[in-house]
2 protein chains.
Amino acid sequence: MAKPLSKAHRTDQPKESAHPPGSEAVDDYLKAIFQLSGRPERQVSSTEIAAHLSITAASVTNMLQKLAGQNPPLVAYEKHHGVKLSKAGKKRALEIVRHHRLIETFLHEILDYPWDEVHQEAERLEHFISERFEERIAAKLGHPEFDPHGHAIPALDGSLPAQEPQALSQLRPGQSAKVSSVSDNDPEMLRYLAAQGIRPGVKLTLSEQLPFQGAYQVRIGSSTKPALLSHSLAEAITVSKPQQ
Amino acid sequence: MAKPLSKAHRTDQPKESAHPPGSEAVDDYLKAIFQLSGRPERQVSSTEIAAHLSITAASVTNMLQKLAGQNPPLVAYEKHHGVKLSKAGKKRALEIVRHHRLIETFLHEILDYPWDEVHQEAERLEHFISERFEERIAAKLGHPEFDPHGHAIPALDGSLPAQEPQALSQLRPGQSAKVSSVSDNDPEMLRYLAAQGIRPGVKLTLSEQLPFQGAYQVRIGSSTKPALLSHSLAEAITVSKPQQ
DNA sequence: TTGAAATATTAGCCATGACTAAATATCGCT
DNA sequence: AGCGATATTTAGTCATGGCTAATATTTCAA
Ligand SMILES: [Mn+2]
Ligand SMILES: [Mn+2]
Ligand SMILES: [Mn+2]
Ligand SMILES: [Mn+2]
């Protein structure tokens, strides 16, 4: 918000706008590109970003050109060939991811949110908390390394533990593994998983996989009766390297 | 954010905009009008609102017309004669004030923010927390009635304790009173007051007032050496009805 | 009572970040 | 290699909420 009252500025300000650049929208683009480009890093297409953010591809192209035109550029954009984050863009994306995961952990641990409600709230707040707030909740939580869904929280310098996450759907029958993380954006799914006792750290054994992308039959922890998980559920669960 | 993928809607949506009405800006106008109109309720002028929000009067007029045109109207606007909040506008304003003061209390009590830093953070977050978040921090804090500066927190139904706040500057020499609240928007001032030991609940005695709006000499609590407060400082402190 | 000063509104502009429709580039396949 | 399908970009529009400059209204003092 501008200060029309101050008369003599050193240089005439470049006219503050109602919705400053480098805002919520920009954050969400950078985060989307970060999440979609995976590891090792891949170019991300306009269409993918559009689908991820539920907006049109035209809007995405428009924004990508702005992001590429910033100084410093936030993305490297090749017309018709997608984008990659620049150094600066990646730094900002990781900052927002850190906010998101710290907020989720905070909501769950301190404010007793159920784990299926933390994502939605964090998705909004991640853009608006200060560095002070970030620092304080991190301290309060004892500088946690993982959020309630098992996702690693980037450190202050943006570093993440080198992980080799594998989808549960890629296990072979008979193999065991520990749940590393679960997808955090579908509350209904999270409630279902909680009801099954599936959460990060729990040991799973794939007893059988029905043909044609059918259900996965898993034994959970040391329980006796197995559970059945759909293919999309098995895709939403990552596990650590299978043991034995 | 729109969903361009859903094809057949019941009625064609009125085209979702990037910055939905009923947002941060609207909240801040309603809050400003609420704060400025005082008790008993007064009409508030465009210029006052402009100064309070550090924007131009033209922008204010523009927004007031929009607010008056909403259904239901959020303000009663008489061209050239200022505005008052409508029922709906007052409800929303109190909702935001409740957010603000709960957040301040939360930051101070749970996250150990110093009292001069809570206002700025609350000013942003008040617009973005959910009802769930509000409810959780209120519960965590034991449903507090006052924020760290002594301001009353509106109840869920919007009610506020009937208070008769009086500026310290209106005390007569010799009178004693208890500090009720201190203005919360100037961090430097708050640090100064804290250093003097002036905070809500502390007893003050006005020993002398220098002429021509000069300094106020007060004894703080049961301390022996008096402090000197400028007129603007004495305006920023409210006290409860003088005793004796 | 009247005219200048102070206040307030109008008119026209801009940036952000959506949208749709039209144009164009790339890709997959014969 | 070339055609058509798919992906992507361009062009033009809109709402929100700022701004400045010009105009209109109200107020106040002579
Ligand atoms: Mn977000
Ligand atoms: Mn998560
Ligand atoms: Mn605010
Ligand atoms: Mn306060």
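No experiment lies behind these values; they were computed from the predicted model shown. Below, chains carry the letters A, B, ... as their sequence lines are ordered, and counting in each starts from 1.
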Under-4.0 Å side-chain N/O to phosphate OP1/OP2 contact, S46(A) with dA7(D) | no

Rounded to whole Å, NZ of K66(B) lies from P of dG18(D) at a distance of 8 Å

Taken to the nearest whole Å, CE/M63(A) to P/dT16(C) is 9 Å

Across all chains, not counting sequence neighbours, the side chain to side chain contact (heavy atoms under 4.5 Å, CB included) partners of F128(A) are E24(A), L125(B), F128(B)

Rounded to whole Å, CD of E24(A) lies from C1' of dG17(D) at a distance of 16 Å

Side-chain atoms of A25(B) come closest, of dT16(D), dG18(D), dT26(C), to dG18(D)

Separation of dT26(C) atom P from E78(A) atom CD, nearest Å, is 11 Å

Whichever of H80(A) and G82(B) has the more 5' nearest nucleotide on DNA chain C, that residue is G82(B)

For A167(A), the side chain to side chain contact (heavy atoms under 4.5 Å, CB included) test, sequence neighbours excluded, returns S169(A), Q170(A), E235(A)

When rounded to whole Å, the CD1 to C1' distance for the pair I55(B) and dC14(C) reads 16 Å

Distances under 3.5 Å only, N/O to N/O: pair up the protein atoms with those of nucleotides 10-12 of chain D.
from	atom 1	to	atom 2	distance (Å)
dT10(D)	OP1	K79(A)	NZ	2.5
dT10(D)	OP2	Q65(A)	NE2	2.5

L67(B) CG to dT16(D) C1', in whole Å, measures 12 Å

- prompt: OP1 or OP2 of dT16(C) less than 4.0 angstrom from a side-chain nitrogen or oxygen of S23(A), does that happen here?
  reply: no

With the side chain defined as heavy atoms from C-beta on, T56(A) is closest, among dG17(C), dC19(C), dC19(D), to dC19(C)

* To do: Assess the side chains of H100(B) and E104(B): does a donor N or O sit below 3.5 Å from an acceptor N or O?
  => yes

query = Which class fits the ring pair F133(B) and F106(A): parallel under 30°, tilted 30 to 60°, perpendicular over 60°?
reply = tilted

H81(B) atom NE2 is separated from dT25(D) atom P, nearest whole Å, by 11 Å

With sequence neighbours left out, the residues meeting side chain to side chain donor-acceptor pair (under 3.5 Å) with E134(A) are R98(A), H99(A)

Between CG of L64(B) and P of dT10(C) the distance, given in whole Å, is 11 Å

With sequence neighbours left out, the residues meeting side chain to side chain contact (heavy atoms under 4.5 Å, CB included) with R132(B) are Y113(A), E117(A), S130(B), E135(B), R136(B)

Residue pairs meeting salt bridge (charged side-chain N to carboxylate O under 4.0 Å, His left out), one or both in residues 29-39 of chain A, sequence neighbours left out, come to K31(A)-E123(A), K31(A)-E126(A)

Open item on the list: Taking only side-chain N and O atoms of Y29(A), does any of them lie within less than 4.0 angstrom of OP1 or OP2 on dT16(C)?
Closed with: no

